[in-house]
There are 2 protein chains.
Amino acid sequence: MKPGPLKARGPRPRIIARVPGLSYGDLDQHLGYVLRRAQLAAFEVFQRSTAGVDITPPRYTALTIVGANPGMSQSSLGAALGTARSGAMMLTDWLEARGLAERRRLNGDARAWGLHLTARGKALLARIRRRVLVDNAAFAARLAPSELVTLKKLLEKLTG
Amino acid sequence: MKPGPLKARGPRPRIIARVPGLSYGDLDQHLGYVLRRAQLAAFEVFQRSTAGVDITPPRYTALTIVGANPGMSQSSLGAALGTARSGAMMLTDWLEARGLAERRRLNGDARAWGLHLTARGKALLARIRRRVLVDNAAFAARLAPSELVTLKKLLEKLTG
DNA sequence: GCGTATTGTTATATAGCATTACAATCAGAG
DNA sequence: CTCTGATTGTAATGCTATATAACAATACGC
């Protein structure tokens, strides 16, 4: 991806600010705490990138995964998102109601639907994706490029 | 009026396992996505460490911070946790109902309460803390010690 | 003293899930 | 083939965490 103007839109993300003069004990020794703070910061960056577009991380993830796997089932989507089938169902309803995705009957299985992005869904994803990745890069620019590579590698090693 | 029992059961931990044979598109290029996966993994470890003890990360954080700052106000706690005052209020109610913390009048300000851990609160925190940190270390053991140091350093640099 | 800001509190609303139950369909044993 | 159990989508329900708004009491600045 082209680096481009790495200027984040809007003010800096409002990370959960540390309260001055307050002790946080040994929380920084807790990897989960540090991870959560970082994830919240990334979440705020995402929200800024998608301001005005009624999207959320799960919806964005669903768009991406359905786009990468045309014809996949709702159950499969739910598994990929780590949510119950009912969650994948609501997500799919939402996408379909906005004309971003559609259910098509599978010829092999009369129970399941095959999920597909519509042209509008693909267009929206492409448009949002660019903004998200650009702002993402701006956010990550607090680290040197090599540091970012290291960070992602360590996180993936940790997650397994 | 105090908010009753406040049920014990939390939601099932969302273990996001990768679905075999499914493409995840470019999600791994999204720092927020990778961070969220790692944070969920850490959350699951936390749940395992505190099984049987009706605790959550916010409650654990509140215990730690109140313990490190005796006499702090509820507003200050809310700010530290990044939640509204009403959130800090419910949290304090919960701690007080379990005899883990108590409100004491401040002599300087008749509006605010000063928060303090009780002996029971300190004991519970110490007991849980040991388990959490041990399991935390086991979780982080997927990384070499030097890698863990690097990871924390990069995360803190990212969060600012 | 007076207007404004802060603190705790309460009530209310909402989003995002899980849980459960159910009908239709599939898969496999025999 | 039939029977049994598993899977898929769906609908109904409930719960948890959080935000929001309103309010009284108190503090603070001019």
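Throughout, protein chains are lettered first and strands after them, A, B, ... in sequence-line order, and every chain is numbered starting at 1. Everything numeric in this text was worked out from a predicted model, so none of it was measured.
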Query raised in the report: Should A/Arg103 be listed as having a side-chain N or O under 4.0 Å from OP1 or OP2 of D/dT8?
Result: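 Looking at the OP1 and OP2 atoms of D/dT8, neither is under 4.0 Å from any side-chain N or O of A/Arg103.
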Query raised in the report: Can a side chain N or O of B/Gln74 be found less than 4.0 Å away from OP1 or OP2 on C/dT6?
Result: no
Between [X] ([atom1]) and [N] ([atom2]), how many Å, whole number?
X: B/Arg105; N: C/dT7; atom1: CZ; atom2: P; result: 14 Å
X: A/Leu91; N: C/dA15; atom1: CG; atom2: P; result: 15 Å
X: B/Asp54; N: D/dA17; atom1: CG; atom2: P; result: 9 Å
X: B/Leu106; N: C/dT7; atom1: CG; atom2: P; result: 11 Å
X: B/Gln47; N: C/dA18; atom1: CD; atom2: P; result: 13 Å
X: B/Asp109; N: C/dA5; atom1: CG; atom2: P; result: 17 Å
X: A/Asn107; N: D/dT8; atom1: CG; atom2: C1'; result: 16 Å
X: B/Met89; N: D/dT16; atom1: CE; atom2: P; result: 18 Å

Query - With A/Arg127 via salt bridge (charged side-chain N to carboxylate O under 4.0 Å, His left out) - residues at least two apart - result: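 With sequence neighbours excluded, A/Arg127 shows a salt bridge (charged side-chain N to carboxylate O under 4.0 Å, His left out) to no residue whatsoever.
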Query raised in the report: Salt bridge or not for A/Lys152 and B/Asp28, using N-O below 4.0 Å?
Result: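 Here A/Lys152 does not pair with B/Asp28 in a salt bridge, since their nearest N and O are not under 4.0 Å apart.
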Query - Salt bridge flag under 4.0 Å for residues B/Glu44 and B/Arg48 - result: yes
Requested in this report: Look at the aromatic rings of B/Tyr60 and B/Phe46 and report parallel, tilted or perpendicular, splitting at 30° and 60°.
Outcome: perpendicular
Query raised in the report: Closest nucleotide of DNA chain C for A/Gly108 versus for A/Thr56: which of these residues is on the 5' side?
Result: A/Thr56
Query - Sequence-aligned protein contact record of nucleotides 18-25 of chain D, with B where the base is within under 4.0 Å of a protein heavy atom and S where only the sugar-phosphate is - result: BBB----B
Query raised in the report: Can you tell me if B/Thr50 uses its side chain to pair, donor with acceptor, with the backbone of B/Val53 under 3.5 Å?
Result: no
Query - For A/Gln29, side chain to side chain donor-acceptor pair (under 3.5 Å) partners two or more places apart - result: none
Report task. May I ask you to check if B/Arg105 and B/Trp113 form a cation-pi contact, with NZ or CZ under 6.0 angstrom from the six-membered ring centre and within 45° of the axis? Result ->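 The answer is yes, since B/Arg105 meets both limits relative to B/Trp113.
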